[in-house]
S.K.: 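Below you'll find the structure I mean.
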Amino acid sequence: AKQVVVQRIREAERGMIFDDFITKQGEIVTGVVQRKSGETMFVNMGKAEGILSVNEQVPGERFEVNERLKVFIMDVKKTTKGPQVFLSRSHPGLVKRLFELEVPEIQEGIVEINSVSREAGSRTKMAVWSNDESVDPVGACVGTRGTRVQTVVDELNGEKIDIINWSEDPGKLISSALSPAK
């Protein structure tokens, strides 16, 4: 009887952890590198341990055990061993969420991030748009003397970030994405 009760409690705990993380899917969490198994890292996020596989890591980024890092929750799956949380450092959603944390205009909904394209480790292009004529969306994301964008660049270990104006016209969008090239 005791074993059955203990098992039920364990299942309930796993269910709570799963429910907690399924709502955080697509969010950023801060974790601590618990251990490494080959190239795969296991990140402690408080209640649960997340898996940061080698193909979701940024080439050239190295983290040691007990080091803190921000990760993007890509997926949460139920397994027989309990919930598994799959993390990413190379997902474009990470850049989007970092800007949402950094730029109050995005949090308020004045500036919208329409599209993010990322070549993890080298550069990111982000198309932004403002629904308020008086707010410059690129300027809001860059911040005074580049402070806001610099915070995100520092978190991504010096990855270059290009912020461009979104346009419904594909011609304008492509030309601003390829600028400064003519």
Side-chain angles (χ1 to χ4, degrees), residues 24-45 50-76 85-130 135-167 170 172-182:
K24 289 182 178 175
Q25 203 167 336
E27 297 288 319
I28 283 184
V29 289
T30 304
V32 178
V33 179
Q34 190 96 48
R35 59 194 166 93
K36 289 179 173 180
S37 171
E39 290 292 305
T40 305
M41 288 194 291
F42 294 90
V43 180
N44 181 3
M45 300 170 301
I51 301 162
L52 184 60
S53 65
V54 66
N55 49 354
E56 290 302 331
Q57 292 175 30
V58 176
E61 263 189 356
R62 290 283 161 258
F63 291 102
E64 296 308 312
V65 175
N66 293 333
E67 205 172 331
R68 294 182 77 80
L69 72 157
K70 283 193 173 99
V71 285
F72 181 80
I73 299 177
M74 280 194 338
D75 200 7
V76 183
V85 184
F86 295 96
L87 308 172
S88 175
R89 286 275 304 167
S90 62
H91 197 281
L94 179 71
V95 177
K96 190 174 182 176
R97 291 284 183 231
L98 286 171
F99 271 100
E100 284 172 9
L101 292 172
E102 203 55 45
V103 183
E105 287 86 343
I106 295 175
Q107 290 171 2
E108 292 163 17
I110 300 166
V111 174
E112 286 178 32
I113 299 172
N114 281 48
S115 168
V116 178
S117 179
R118 185 166 184 217
E119 200 177 294
S122 58
R123 70 171 47 241
T124 294
K125 289 211 185 246
M126 190 167 81
V128 291
W129 176 78
S130 173
V135 177
D136 170 29
V138 175
C141 292
V142 172
T144 322
R145 293 198 191 100
T147 49
R148 291 173 177 175
V149 76
Q150 195 55 52
T151 310
V152 177
V153 167
D154 292 344
E155 176 61 41
L156 299 172
N157 295 326
E159 187 172 306
K160 291 178 183 68
I161 298 177
D162 298 342
I163 303 168
I164 60 167
N165 280 311
W166 170 262
S167 171
K172 277 185 184 171
L173 182 66
I174 291 168
S175 79
S176 59
L178 294 175
S179 70
K182 291 279 176 273

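Because only heavy atoms are used, hydrogens play no part in the values below, and waters and symmetry mates are left out as well, while side chains stay in.
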S.K.: Would you call Glu155 and Arg89 a salt bridge, using N to O less than 4.0 angstrom?
M.R.: yes

S.K.: Quick check against the 3.5 Å criterion: does Gln25 have a side-chain atom that pairs as donor or acceptor with the backbone of Met74?
M.R.: yes

S.K.: Walk me through it: do Leu87 and Glu56 pass the test side chain to side chain contact (heavy atoms under 4.5 Å, CB included)?
M.R.: CA-CA 7 Å; Leu87 308 172; Glu56 290 302 331; over 6 Å; no

S.K.: Starting at CG of Asn157, measure out to CD of Glu61 and round the result to the nearest 0.5 Å.
M.R.: 4.5 Å

S.K.: So, for Gln34 and Val65, which heavy atoms are closest and what is the spacing to 0.1 Å?
M.R.: O-CG1, 3.3 Å

S.K.: What's the separation between atom OG in Ser88 and atom CG in Asp75, rounded to the nearest 0.5 Å?
M.R.: 11.5 Å

S.K.: Would you say the side chain of Glu159 lies within less than 4.5 Å of the side chain of Arg118, judging by non-hydrogen atoms?
M.R.: yes

S.K.: Can you see which heavy atom on Val71 is nearest to which on Leu52, and at what distance?
M.R.: CG1-CD2, 4.4 Å

S.K.: Could you state the interatomic distance from CZ (Arg123) to CG (Leu156), rounded to the nearest 0.5 Å?
M.R.: 13.5 Å

S.K.: Passes side chain to side chain contact (heavy atoms under 4.5 Å, CB included), Val85 versus Val29? Steps please.
M.R.: CA-CA 11 Å; Val85 184; Val29 289; over 6 Å; no

S.K.: Please check: side-chain N/O of Arg148 versus main-chain N/O of Ala140, any donor-acceptor pairing under 3.5 Å?
M.R.: yes

S.K.: Return the minimal non-hydrogen interatomic distance between Ser37 and Phe42, and the atom names on each side.
M.R.: CB-CE1, 3.6 Å

S.K.: Might you point out which heavy atoms bring Trp166 and Ala127 nearest each other, and give the distance in Å?
M.R.: CE3-CB, 3.7 Å

S.K.: Identify the heavy atoms of Lys36 and Phe63 that sit nearest to each other, and give their distance.
M.R.: NZ-O, 2.5 Å

S.K.: With the side chain counted from C-beta on, respond yes when Pro92 and Thr124 share a heavy-atom pair under 4.5 Å apart, and no when they do not.
M.R.: no

S.K.: To the nearest 0.5 Å, how far apart are CD in Glu27 and CG in Leu101?
M.R.: 8.5 Å

S.K.: Compare all side-chain heavy atoms of Lys125 with those of Ser176 and state whether any distance is below 4.5 angstrom.
M.R.: no

S.K.: Could you tell me whether the side chain of Val128 reaches within less than 4.5 Å of the side chain of Phe99, counting heavy atoms only?
M.R.: no

S.K.: Does the side chain of Ile163 reach to within under 4.5 Å of the side chain of Val149, using non-hydrogen atoms?
M.R.: yes

S.K.: Can you measure from OG (Ser167) to CH2 (Trp129) and round to the nearest 0.5 angstrom?
M.R.: 12.0 Å

S.K.: Got a second to check how far Lys24's NZ is from Ile73's CD1, nearest 0.5 Å?
M.R.: 6.5 Å

S.K.: Are any non-hydrogen side-chain atoms of Leu69 and Val43 less than 4.5 angstrom apart?
M.R.: yes

S.K.: Which heavy atom of Ile106 sits nearest to which heavy atom of Glu100, and what is that distance?
M.R.: CG2-CG, 3.4 Å

S.K.: Heavy atoms, side chains only, cut-off 4.5 Å: are Ile110 and Ser130 in contact?
M.R.: yes

S.K.: Does a side-chain heavy-atom distance below 4.5 Å link Ile164 with Leu173?
M.R.: yes

